[in-house]
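The structure appears right after this line, and notes come after that.
Counting starts at 1 for both ligands and their atoms, in listed order.
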Amino acid sequence: MAKKGIQSVRGFCDILPAEAAIWQRAEKIIRRVLEAYGYREIRLPMLERTELFCRSIGEVTDIVEKEMYTFEDRNGDSVTLRPEGTAGCVRAGIENGLLHNSEPRLWYSGPMFRHERPQKGRLRQFHQVGAEVFGVSAAEMDAEMIVMTARLFRELGLNGLRLQINSLGTPQSRAAHRQELIAYLRDNEDQLDEDARRRLETNPLRIFDSKNPQVQHVMAAAPRLLDNLDEQSAEHFATVRNLLEQAGVDYEVNPALVRGLDYYTRTVFEWVSDDLGAQGTVCAGGRFDGLVEQLGGKATPAIGFALGLERLIALLGQSDKQPVGDAPHAYLVVACDAGAAFDLAERLRDRLPGLRLQVNPGEGGFKGQLKRADRCGARLALILGERELAMHVVTVKDLRSGEEQRQLGYDELEQLLHDIIAEEPAD
Ligand code: ATP
Ligand code: MG
């Protein structure tokens with residue numbers, strides 16, 4: 001019996017080359033749009049002190065209560081694989097003095113880790129692109145950030161996403177609402193699940209975030225935070241709504257939208273798809289004016305969002321706009337001295353930036369080499385035999401069109417490859 005290979009860890013997935021092509025196309029567009037709005041990339045570590053997440057995300061949240069990959073390292077320090085990017089971004093901003101006298105716009109991307117039940121659209125290692133702006137409290141910033149995400153989805157070719165927005169007001173306005181909410185929940189306690197009952201005392205707002213349909217039903221009639229906004233938050237929200245309307249970005253106000261993390265204030269938003277099953281939220285964000293101070297920095301308003309790349313890629317995989325493959329443009333079939341083929345290939349790569357050329361390595365009959373050329377998806381097979389070498393030509397066979405093969409001089413070959421590279425759309 002064959003030995004069983006070692007399998008991947010549950011919820012940790014491989015991204016295979018065919019899929020990676022879709023990822024790359026998406027990442028390129030995302031970077032371009034973020035840069036168009038003045039965001040600069042920051043690269044953050046994947047491991048942080050556990051305390052960072054407890055203090056930012058909130059002790060009574062799904063993430064901190066049951067989803068974190070937390071362990072002691074060899075020094076006995078408690079460390080955690082980051083479950084999200086904002087906490088680390090704020091930590092880095094404070095630690096490196098990025099938030100003083102400037103209004104940095106930062107973006108990051110990379111894997112996040114949460115010990116959830118793996119299912120469609122829900123992994124234990126998943127990837128996010130996130131962006132944060134610090135030092136700006138104006139409602140225009142909220143609107144611009146949301147409009148930017150709308151542009152992002154447009155440029156990615158995704159038109160079916162719905163935007164939901166809400167305002168969570170300030171911690172002060174939440175305190176009054178909290179009492180009202182607790183009273184309502186007490187009256188309906190028999191319909192709550194165990195999680196919700198526990199949170200009734202510790203963090204009742206969190207219950208709006210429940211995934212349990214029965215609990216969601218109770219929450220649909222619960223007192224709404226939106227009706228208890230302080231005057232400034234209400235004004236702030238009205239400005240955001242006006243600017244979205246002015247920009248032609250459609251939205252729905254969802255008063256039950258609270259987001260799964262504790263640090264949000266005022267504007268929160270989500271982009272939701274109906275084509276992803278239960279895990280429909282592709283992008284989520286909001287304002288977090290208190291977080292920088294809470295983590296030991298000077299009081300600094302901030303707003304940000306995170307985009308789940310697996311869910312985004314799943315949608316792109318469903319759309320008909322397929323990405324450009326990254327198969328080689330050409331495969332060099334070597335029927336001559338290997339050194340001569342090597343030289344030709346290097347010269348072509350020198351002269352043609354962007355060329356993807358694969359050279360047949362080692363031995364191999366002519367037929368076998370052509371089969372490899374076909375299998376790797378190359379558009380052209382370039383055949384270099386002793387006869388071609390002597391005549392300073394290459395035999396070119398188009399593997400897609402089935403056109404008659406022909407012999408080209410080196411200059412003509414270069415021109416042909418140049419044209420093929422130029423034909424490729426930018427993304
Ligand atoms: P959900 O309600 O789906 O659990 P969340 O509120 O926990 O999401 P956020 O912390 O706001 O998610 O993360 C932002 C985005 O990251 C989500 O909208 C989603 O696209 C993606 N995401 C979050 N958790 C996962 C996961 N376990 N697997 C894949 N993508 C995820
Ligand atoms: Mg979650």
Between Ser233 and Arg266, is there a side-chain donor-acceptor contact under 3.5 Å, judged purely by atom types and distance?
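The answer is yes; a qualifying pair exists.
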Regarding Thr80 and Thr70, do their side chains bring together a donor and an acceptor under 3.5 Å, going by distance alone?
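Distance-only check passes for Thr80 and Thr70.
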Is any side-chain heavy atom of [X] less than 4.5 Å from a side-chain heavy atom of [Y]?
| X | Y | result |
| --- | --- | --- |
| Asp195 | Arg206 | no |
| Leu307 | Phe153 | yes |
| Val292 | Lys298 | no |

Sub-3.5 Å N/O-N/O distance, [X] and ligand 1:
| X | result |
| --- | --- |
| Glu270 | no |
| Lys211 | yes |
| Arg122 | yes |
| Phe126 | no |
| Leu123 | yes |

Against heavy atoms of [X], which atoms of ligand 1 measure under 4.0 Å?
| X | result |
| --- | --- |
| Ala284 | 11 (O) |
| Thr281 | 17 (C), 18 (O), 19 (C), 20 (O) |
| Gly121 | 28 (N), 29 (C), 30 (N) |

Once you measure the plane-to-plane angle for His177 and Phe208, does it fall in the parallel (<30°), tilted (30-60°) or perpendicular (>60°) bin?
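The arrangement is parallel - the two ring planes meet at less than 30°.
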Hey, what do you get for CD1 (Ile22) to CD1 (Ile313), rounding to the nearest 0.5 Å?
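Answer rounded to 0.5 Å: 6.5 Å.
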Could you tell me the separation between the CG atom of Asp374 and the CG atom of Leu399, rounded to the nearest 0.5 Å?
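Result: 5.5 Å between the selected atoms.
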Measure the distances from the heavy atoms of Arg311 to every atom of ligand 1 and state whether one is below 4.0 angstrom.
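Within the 4.0 Å threshold, so yes.
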If the contact criterion is a heavy-atom separation under 4.0 Å, does Arg114 count as touching ligand 1?
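Arg114 counts as a contact of ligand 1 under the 4.0 Å cut-off.
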Under 4.0 Å between a Lys/Arg side-chain N and an Asp/Glu carboxylate O for Glu201 and Arg186?
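Judged by the 4.0 Å cut-off on N to carboxylate O distance, Glu201 and Arg186 do form a salt bridge.
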How does [X] reach ligand 1, if at all, at less than 4.0 Å between non-hydrogen atoms: by side chain, backbone, both, or neither?
| X | answer |
| --- | --- |
| Val282 | backbone |
| Arg124 | neither |
| Glu116 | side chain |

Option whose closest heavy atom lies nearest to atom 21 (C) of ligand 1, chosen from Ala306, Gly308, Ala278, Ala314
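Heavy atom nearest to atom 21 (C) of ligand 1 belongs to Gly308.
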